[in-house]
Amino acid sequence: MLHLAGKILFLCAFVGYYAKAETEEQLKQIFVDILLKCSEDFPPTPAEIELLKNKKLADSTNMKCMFACTYKKTGMMNEKGEISVEGINNLSKKYFANNPEKTKKALAYADACKSVNDVKVSDGEKGCERAALLFKCTIEKAAEFDLIN
Ligand SMILES: *[C@@H]1O[C@H](CO)[C@@H](O)[C@H](O)[C@H]1NC(C)=O
């Protein structure tokens, strides 16, 4: 159950950008592992998993914090609860070293979503509110760039 939840969460949050990457499996595994770890601290309810299947994040602190946990552990978000463009660039350099096309898309994604750092949030460096904004931006941009198929 948890394993499935992790896969679903990963798919919704990230795979749109990196589908078909050469090292997709490797990156996917890292995300699944991190999500599973974070879902132990912030366990999703079955209803919340259902929502995620539809690429929607439940409006619960628990789910938002689960994504904050995940984004922080991957380096996409820094300790201050801000989107880290550098962290996203590092990920893309690491996993798409030989794939300029994917690197470009990752950069465009980071650039398109970094504006969530300008939004005022109530929970500061916990980053849960901002993680929800990043989730939303990720889903929207994935659709906009036509990267989900
Ligand atoms: C990105 O990588 C550089 C070089 O390895 C490192 O110094 C820096 O701390 C990394 N930044 C983040 C946010 O992961």
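Numbering of ligands and ligand atoms starts at 1, following listing order.
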Look at [atom] and say whether a protein heavy atom is found at less than 4.0 angstrom from it.
| atom | answer |
| --- | --- |
| atom 4 (C) of ligand 1 | no |
| atom 7 (O) of ligand 1 | no |
| atom 11 (N) of ligand 1 | yes |

Any donor-acceptor pair under 3.5 Å linking the side-chain atoms of Q29 with those of D33?
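There is such a pair between these side chains.
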I'd like to check which ligand 1 atoms, numbered from 1 as shown, lie under 4.0 Å from a non-hydrogen atom of [X].
| X | answer |
| --- | --- |
| N90 | 1 (C), 2 (O), 3 (C), 8 (C), 10 (C), 11 (N), 12 (C), 14 (O) |
| G87 | 13 (C) |
| E86 | 1 (C), 8 (C), 9 (O), 10 (C), 11 (N), 12 (C), 13 (C) |

Flag side-chain contact, heavy atom, 4.5 Å: F135 against L52:
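Yes, at least one pair of side-chain atoms sits under 4.5 Å.
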Over all heavy atoms of both residues, which pair between K73 and C38 is shortest? Give the atoms and the distance, please.
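In this case the closest contact between K73 and C38 is CE-SG, 3.8 Å.
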Electrostatic pair E82:R130 at N-O distance under 4.0 angstrom:
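A salt bridge is absent here (no side-chain N lies under 4.0 Å from a carboxylate O).
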Is it true that S84 lies under 4.0 Å from ligand 1, counting heavy atoms only?
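The answer is yes: ligand 1 sits under 4.0 Å from a heavy atom of S84.
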Backbone of K126 reached by a side-chain donor or acceptor of K72 within 3.5 Å:
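Yes, the answer is positive, given that a donor and an acceptor are paired below the 3.5 Å cut-off.
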Are there over 12 heavy-atom neighbours, none belonging to D59, within less than 6.0 Å of that residue's CG?
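At most 12 heavy atoms, drawn from other residues, nucleotides or ligands, come within 6.0 Å of this atom.
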